[in-house]
Amino acid sequence: MLVSSGIETSNYEKAKTAILGELEAMKNGDITEEEMENGKRALTNSFKMVTDSLGGVISWGAVRRLYTDGRIATPEEFAEEFKKKISSS
């Protein structure tokens, strides 16, 4: 898991404590249905934006090879398949 946050250097410890607290709460299942749905939607949309950067295109090549065995051609197709899988969970 990767957490990214823009913070002022002077607030590093405060931000770190808050982030670790949120991660611990998630690990313990303390997440609302709305938060879960927002997370699923954000993840699905992120697949569709993968070609917006060179790094994303390179990453897509690895994802395509590792997770789809080359059978899915585009990030958009991957996003649709992912969306179907998470809709049933």
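From a predicted model like this one, the values you see are computed outputs, not experimental measurements.
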Those residues that, when tested against [X], pass side-chain contact (heavy atoms from CB on, under 4.5 Å) (two or more places apart):
X	answer
E34	T32, N38
I31	E35, M36
S59	none

Would you find a donor on one side and an acceptor on the other, under 3.5 Å apart, between the side chain of N28 and the backbone of E24?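 Yes; at least one donor-acceptor contact below 3.5 Å.
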Considering only distance and modelled atom types, tabulate donor-acceptor pairs under 3.5 Å from the side chains of residues 6-23, sequence neighbours left out.
| residue | atom | partner | partner atom | Å |
| --- | --- | --- | --- | --- |
| T17 | OG1 | E13 | O | 2.9 |

Gap between atom OG of S46 and atom CZ of R41 - 0.5 Å precision: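 So the gap between those two atoms works out to 13.0 Å.
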Pairs meeting criterion ring pair (Phe, Tyr, Trp, His ring centres under 6.0 Å) with involvement of residues 68-87, two or more places apart: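 The answer is F47-F78, F47-F82, W60-F78.
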Salt bridge (charged side-chain N to carboxylate O under 4.0 Å, His left out) contacts touching residues 72-82 (sequence neighbours left out):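 For residues 72-82: K48-E80, R71-E81, E81-K85.
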Show the nearest heavy-atom pair for residues T44 and I86, with the distance to one decimal.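 Distance-wise, the nearest heavy atoms are OG1-CD1, 3.8 Å.
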